[in-house]
Amino acid sequence: MSSSLEGFPEGQVQFDLERGAASVRVDSSVYPLEALYGAAYVFIDRAYVLLDRAEGDAYRVWISPKKPAAEDALRALLGEFANELLSCAWRAQIAKDSRSIIEQATTRALGGARGAPSLDDLESFDFSDESFEDPLGIAMSWEEKYGKKKGAEGSEAKAAPAGAEAAAAEGEPTP
Amino acid sequence: MNLLQIKKPSTTFAMPFRHRVVAGKHLLTNTEGAFVLLDDAEFRLFAEGTVERGSTLWTRLVERNFVRAEVDLRAIEERIRTRKRFLDYGPNLHIAVVTLRCNETCVYCHASRANMDATYTDMTKETAEKTVDLILKSTNPSVTIEFQGGEPLANFPIVQHITEYALKQNEKIGKTLEFTMVSNLSLMTDEKLAWLVANKVQICTSIDGPQHLHDKQRKLPTKAAALPLALTGEGASPSAHLAARHWIGRINDEYGKMGLDTSLYHVEALLTTTRDTLPLWKDVVDTYVSLGCKALFLRPVDPFGFADRSGGRVEYPRKEYLEFYRSAVDYMLELNRQGVQILERFAAIFLTKILGGEDPNFLDIRNPCGAAIGQVAYNYDGKIFTCDEGRMLHEMGDDTFLIGEVGKTAYRDLMGHETVRALALASNLDAQPDCVNCTYQPYCGVCPVHNHKSQGSIFGRMRESTLCAVHKGIQDYLFEKIASGDPHVLETFKRWTTVRDRTHFLQTCAL
């Protein structure tokens, strides 16, 4: 096991040519976890990648190429990973900063392409009463949920003041 | 100019802008896509906020909305809306791969062609009809069906059936339809041509430059060739170039006989730039001019299909490509000065955005890109892809961009597919490192499929992207030319942004 690799600071990497694996220490205060996931994922077609907790506030990323690799190839892989990590971290920040612009353009583009549902699309909708579970009665009409019991309809109910329905719906006592 | 020389930069004078030094001048662009080119002294006044009110510089900056105190918000809103008009409509371009069979073998074939006996790669009538039914569900009122392959002429009955069936079905729908066919032309006959012309199918072909280069890169086997004997000579090897040249002439003659303006109606050709093309920039331009073409698209080779395997033989550093590009377009500008009408397609696309304030909706260079929301590719077997490049990757064993199958997937499910959503986000330049701060952001676009293939993720890294190098290099060249102020160049550039609709090819049914 060696802890030096050309181009990387001493102690930042661990390097095991016999096992064909290398690791790099990533400071968690510099790189967000979502950037680490994003960068690691890019390499899974070429290498086996393992994320681990290193000493202190740091992650350690182990990368082992799927095909045997010489020192140069391992170094290149770690270098690519470092660049991808920076790119992912920066992208995560930009996505936060530009969120409203990105959402607006994407919504407009996808909405424009999908259009409104056609009659054919509506055919596949489920309009039956038992289409979903509704234990809290959210989809029930007011009459179903708070209406008078059968036989209780009378002049008293008809004379209920305006606003009584809303108050009843909110669960407040009516005057 | 060292930017540190700006002692007291103003934080209140300027609207947000992006900056790049081009040809010794300061190029500034803003959100709405307006630009100004300033010399050192002008830029210092701008940066320090000391531009004299009412001066020429003040007027130039105000007209283009670079001065915060004078900003016209309504104009900005209108210009952005105009540029992004394409977002309100769904896919216009629908690529139908009617067969993978092809009678030519090209060193860079992006489509992964199949041999001529591979008839199992022919689209069936049933798949063709389901494909058309789906295409006509697009939210776009204008639809272009592009026949591709392989070689579409190898499965000509399906080209005919799709055209006729689409026209018939459209009688109830009323979209504006266009049909185009991308063909090497070597399987063309008089009968096929008569049908294509009568049914208003536009024809586009590939020309790789002068005959020796074209024939070296595009092999036409003797057995498969059905060429007039006069073209090749008895016993000689068939020439793909001569076959294409022969039919380009014949097709253009037909348009002329119909009374169409042949400066507008003629066969368009596409170039694929390989390593062998680079020193032949002048021969390439001369070949296109001699064929009567008015446009030349200097496309670099892509890492798809056979080009991926033969990359060592056909690829090149993009720095060399950009030298080739500059030489070729310089020469084209010189020809224009002499009265020859020939334009470069990359330049025309960027200039339409830079000078015209419009987006020509070229699907590979727009923001977000046109994957599915601008174009859809339908394979011979009914599989549906976000774009032709995604379909090319499928032929290489990568199904990342497969989003459905005709007859099984509903149109709205295609457009709402998770891959489509991911591509719309990945190709949004406001979410992309580098692009977000790039001076060319208002005019540019990225290709997530290219990123995925060349860099392993749909986001890619623009600093190392060959596509970014090409886009940036071309726009550097164009702004250098604009900065030079040569009236002839500016007049030519303006002309290259003028779009003349080929209305003859538009087929509309009155409902």
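Every chain is numbered from 1, with letters handed out A, B, ... down the list of sequences.
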When rounded to the nearest 0.5 angstrom, what is the spacing between CD1 in A:Ile101 and OG1 in B:Thr31?
-> 7.5 Å
Please answer whether the main-chain N or O of B:Gly456 pairs with a side-chain N or O of A:Arg46 as donor and acceptor at a distance below 3.5 Å.
-> no
So, the part of A:Glu84 with a heavy atom under 4.5 Å from chain B: the answer is both
Closest approach of A:Trp90 to B:Pro433 (non-hydrogen atoms, all atoms of both residues) = CD1-CB, 3.1 Å
Answer yes or no: does atom CZ of B:Arg74 have more than 12 heavy-atom neighbours from other residues, nucleotides or ligands under 6.0 Å?
-> no
Which bit of A:Ala116 comes within less than 4.5 Å of chain B, counting heavy atoms only: side chain, backbone, both or neither?
-> backbone
When B:Asn367, B:Asn140, B:Asp88, B:Ile373 are compared by non-hydrogen pairs under 4.5 Å with chain A, the top option = B:Asp88
CG (A:Asn83) and CZ (B:Arg463) are apart, to the nearest 0.5 Å, by 12.0 Å
May I have the list of side-chain donor-acceptor pairs in residues 66-77 of chain A shorter than 3.5 Å, sequence neighbours left out?
from: A:Lys66; atom 1: NZ; to: A:Ile44; atom 2: O; distance (Å): 2.7
from: A:Arg75; atom 1: NE; to: A:Glu6; atom 2: O; distance (Å): 2.7

Pair count under 4.5 Å, heavy atoms only, with chain A: among B:Gly374, B:Gly416, B:Ala372, B:Pro368, highest is B:Gly416
Given a strict heavy-atom distance threshold of 4.5 Å, which part of B:Tyr89 is in contact with chain A: side chain, backbone, both, or neither?
-> backbone
Should we count CD of A:Gln104 as having more than 12 external heavy atoms under 6.0 Å?
-> no
Using non-hydrogen atoms and a 4.5 Å limit, figure out which bit of B:Phe459 sits close to chain A: side chain, backbone, both or neither.
-> both
Between CD of A:Glu103 and CG of B:Asp430, what distance do you get to the nearest 0.5 Å?
-> 12.5 Å
Between chain B and each of A:Leu110, A:Asp45, A:Asp97, count heavy-atom pairs under 4.5 Å; write down the option with the most.
-> A:Leu110
Tell me, out of B:Gln432, B:Gln455, B:Met462, who's got the most heavy-atom pairs with chain A below 4.5 Å.
-> B:Gln432
Mark yes when over 12 heavy atoms from residues, nucleotides or ligands other than B:Glu464 sit less than 6.0 Å from its CD; otherwise mark no.
-> yes
Side chain, backbone, both or neither: which part of A:Glu80 has an atom under 4.5 Å from a heavy atom of chain B?
-> both
So which part of B:Lys84 gets closer than 4.5 Å to some heavy atom of chain A, the side chain, the backbone, both or neither?
-> both
Rounded to the nearest 0.5 Å, how far does OG1 of A:Thr106 lie from CG of B:Leu423?
-> 11.5 Å
For the residue pair B:Thr139 and A:Arg114, establish whether any side-chain heavy-atom pair is separated by less than 4.5 Å.
-> no
Check whether B:Asn437 gets within reach of chain A through its side chain, its backbone, both or neither, counting any heavy atom under 4.5 Å.
-> side chain
Relative to chain B, which segment of A:Ala95 carries a heavy atom at a distance below 4.5 Å: side chain, backbone, both, or neither?
-> neither
Shortest non-hydrogen pair, A:Ala105 vs B:Asn428, comes out as CB-ND2, 3.7 Å
